[in-house]
A.B. asks: 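A single structure is presented below for examination.
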Amino acid sequence: DGATSSEQNPVHLYTSPGSYTVTLTAAGPCGSDTKSEVVPVLVFNRTFGGAGSDEALSVKATSDGGYIVAGYKTNCAGNTDALLIKTDASGDASAGHGWQKTLGGAGNDVLCSVLQTRDGGYVAAGYTYVANELTRCGGNYHGWLVKTDPNGVVTWALTLDGSGQDSISSVFQTSDGGYILAGTTQPEGGSPHAWLVKADPGGSKVWEKNFTNLGNDEALCVLQTPDSGYIVACNTTDGTSHDVWLIKTDIDGAITWDKTMSGAGLSFASSLQQTLDGGYIVAGSFFSCATCSSDALLIKTDANGDTQDGKGWIRTYDAGGSDHTNSVGKTLDGGYILAGSTFRDTVDACLIKVDADGTMIWDKLMGGDGDDVFCAVEQTPDGGYILAGYTSSYGAGKKDVWLIKTDANGTAPSTQQ
């Protein structure tokens, strides 16, 4: 398209859909070699679901150029089935282009986090309801880890019984081929604890750790760090204060440091990424007690979790209503992309682009007359963004799984495809 670069890893952001011819010339002491390839830049607006309430909670790009989506759908009995959707590059999951799978039993089952594994399959985590087989009355929610092959066929599943009501919010494949999981465990009659679980490559639990701070704690996101330890983004509250809590552990889950981040209001974490400088970026929302409204929240820390003395920063963003960020992604230009929602008369899906210093570049509102929310975002290789969540403005049900692909400026079709 006429762009040139002398960088080793050149980046070009395509701001309009279409097909572009990309030419790469590599020069060296023995001459040069040129290769051209046509790169399609796609945008789409798709929904999946039936007459009930269906929702996507996680999305990841896959090695074949498509996408894997996890969430849940409501079945005829009024319970939720865990949902996996694999699409091609255009967001098509119909026969021959992708697939849809429902997983779980007779109770409520939900998948909150998904990723492609190194063997080309997928792993997803969430929670599953397990009935009490002894009393035949009631039961508990347990953490749940499901591994599938590339076609979505389950190869194994791990049910995690912590200490009562349990759930997993985030899964990450570790350097040893296993998995690290973050979530919440609540003992019977007790308060919830942040929960970290390590599983081996075959789906067996290796260890688990519980963490407490102000008394009611939950872990939302986990990543492995370059030192083979883990970084965990949590929420902690005592019923009055509500703070973001960042925990760094070693490879065995022992805490090496933790930082509680509070302000003149209530702070909530929802998503976490490691940054290029070895620090961390945490996204969520900040509720101001003075104005009784919330803004999107973004916290940048250094490698030790500090935001002070020029080592990081804390920013809030007003998208025009009561705002919340559900997901943050790193962008090719060194900045960040935030996805979530803003509430006015209805709930609109919200997308915010910021630079490396947290200064807003642009924001977009998407949706229709219903309630529309983005739950997950990441940048795609063409510079656009893939977004997943739910919509009641489009589709066939009360709310449907919503999958959006935008260009680099956050623009996507306004009508359902």
Side-chain angles (χ1 to χ4, degrees), residues 46 48-49 54-73 80-105 109-128 142-160 167-183 197-206 221-224 271 273 327 329 375-381 386-390 401-405:
R46 293 189 180 272
F48 306 87
D54 313 304
E55 184 172 345
L57 299 174
S58 181
V59 63
K60 292 288 190 296
T62 54
S63 57
D64 62 358
Y67 306 99
I68 185 72
V69 181
Y72 69 86
K73 66 179 299 183
T80 59
D81 291 325
L83 178 65
L84 282 179
I85 302 172
K86 173 66 178 72
T87 80
D88 65 8
S90 65
D92 190 352
S94 61
H97 297 275
W99 44 258
Q100 298 186 49
K101 304 286 184 179
T102 55
L103 312 173
D109 307 289
V110 173
L111 292 174
C112 302
S113 178
V114 67
L115 54 86
Q116 188 172 33
T117 50
R118 297 182 192 117
D119 62 2
Y122 305 98
V123 68
Y127 55 88
T128 182
H142 294 332
W144 197 29
L145 183 66
V146 180
K147 176 70 174 69
T148 80
D149 68 11
N151 296 314
V153 177
V154 174
T155 56
W156 54 256
L158 172 63
T159 300
L160 295 158
S167 64
I168 299 297
S169 301
S170 176
V171 59
F172 188 88
Q173 188 169 27
T174 52
S175 56
D176 62 1
Y179 306 96
I180 190 72
L181 314 170
V197 181
K198 178 66 173 68
D200 69 16
S204 295
K205 184 174 72 174
V206 178
C221 192
V222 64
L223 303 169
Q224 189 169 38
S271 185
Q273 293 285 343
S327 181
C375 297
V377 63
E378 67 173 28
Q379 191 166 43
T380 51
I386 187 70
L387 300 127
Y390 65 85
V401 167
W402 195 24
L403 190 64
I404 292 271
K405 169 66 173 63

A.B. asks: What's the verdict on side-chain hydrogen bond (donor to acceptor under 3.5 Å, both in side chains) for Ser90 and Asp92, showing C-alpha distance, side-chain angles and the deciding distance?
C.D. replies: CA-CA 6 Å; Ser90 65; Asp92 190 352; 5.1 Å; no
A.B. asks: Which atom pair, heavy atoms only, marks the closest approach of Leu223 to Gln273?
C.D. replies: CD1-CA, 3.8 Å
A.B. asks: Drop me the distance from Thr148's OG1 to Gln116's CD, to the nearest 0.5 angstrom.
C.D. replies: 9.5 Å
A.B. asks: Does Asp200 reach the main-chain N or O of Gly202 with its side chain, forming a donor-acceptor pair under 3.5 Å?
C.D. replies: yes
A.B. asks: If you measure from OH on Tyr390 to CH2 on Trp402, what distance do you get to the nearest 0.5 Å?
C.D. replies: 10.5 Å
A.B. asks: Looking only at non-hydrogen atoms, find the nearest pair between Cys375 and Ser327 and report the distance.
C.D. replies: O-CB, 3.6 Å
A.B. asks: How far apart are the closest heavy atoms of Ala82 and Trp144, and which atoms are they?
C.D. replies: CB-CZ3, 3.6 Å
A.B. asks: Identify which one of Leu57, Val59, Val114 satisfies the side-chain contact (heavy atoms from CB on, under 4.5 Å) criterion when paired with Val69.
C.D. replies: Val59
A.B. asks: What closest approach, in Å, do Gly91 and Phe48 show between heavy atoms, and which atom pair accounts for it?
C.D. replies: O-CZ, 3.4 Å
A.B. asks: Tell me the closest heavy-atom pair linking His142 and Leu160, and the distance in Å.
C.D. replies: CB-O, 3.3 Å
A.B. asks: For Ile168, run the side-chain contact (heavy atoms from CB on, under 4.5 Å) check against Leu181, Leu158, Thr128 and tell me which one passes.
C.D. replies: Leu181
A.B. asks: Is there a donor-acceptor contact under 3.5 Å from the side chain of Ser170 to the main chain of Val222?
C.D. replies: yes
A.B. asks: Is there a side-chain contact between Val123 and Gln173 in this structure, where contact means two heavy atoms from C-beta onward sitting under 4.5 Å apart?
C.D. replies: no
A.B. asks: Looking at Ser113 and Val171, what are the two nearest heavy atoms and their distance?
C.D. replies: OG-N, 3.2 Å
A.B. asks: Go through it in stages, so that I can follow the logic: the residues are Leu83 and Thr102, the test is side-chain contact (heavy atoms from CB on, under 4.5 Å), and I'd like the CA-CA distance, side-chain angles, deciding distance and then a yes or no.
C.D. replies: CA-CA 5 Å; Leu83 178 65; Thr102 55; 4.1 Å; yes
A.B. asks: By the definition side-chain contact (heavy atoms from CB on, under 4.5 Å), identify the one residue from Val146, Thr117, Thr62 that meets it with Tyr122.
C.D. replies: Thr62
A.B. asks: Could you give me the CA-CA distance, side-chain angles and deciding distance for Thr87 and Arg46, then say whether side-chain contact (heavy atoms from CB on, under 4.5 Å) is met?
C.D. replies: CA-CA 11 Å; Thr87 80; Arg46 293 189 180 272; over 6 Å; no
A.B. asks: Any chance you could measure Asp54, atom CG, to Asp81, atom CG, to the nearest 0.5 Å?
C.D. replies: 10.0 Å
A.B. asks: As an exercise, state the distance from CD of Gln224 to CD1 of Ile180, rounded to the nearest 0.5 Å.
C.D. replies: 8.0 Å
A.B. asks: So Leu84 and Trp99, side-chain contact (heavy atoms from CB on, under 4.5 Å) or not? Walk me through it.
C.D. replies: CA-CA 8 Å; Leu84 282 179; Trp99 44 258; 3.9 Å; yes
A.B. asks: Could you please spell out the steps behind the side-chain contact (heavy atoms from CB on, under 4.5 Å) verdict for Asp64 and Lys86?
C.D. replies: CA-CA 11 Å; Asp64 62 358; Lys86 173 66 178 72; 3.1 Å; yes
A.B. asks: I need the Gln100 CD to Ile85 CD1 distance, nearest 0.5 Å.
C.D. replies: 4.5 Å
A.B. asks: Under 3.5 Å, side chain of Glu378 to main-chain N/O of Ala61, donor-acceptor pair present?
C.D. replies: yes
A.B. asks: Would you say the side-chain atoms of Ser167 pair up with the backbone N or O of Gly183, donor to acceptor, closer than 3.5 Å?
C.D. replies: no
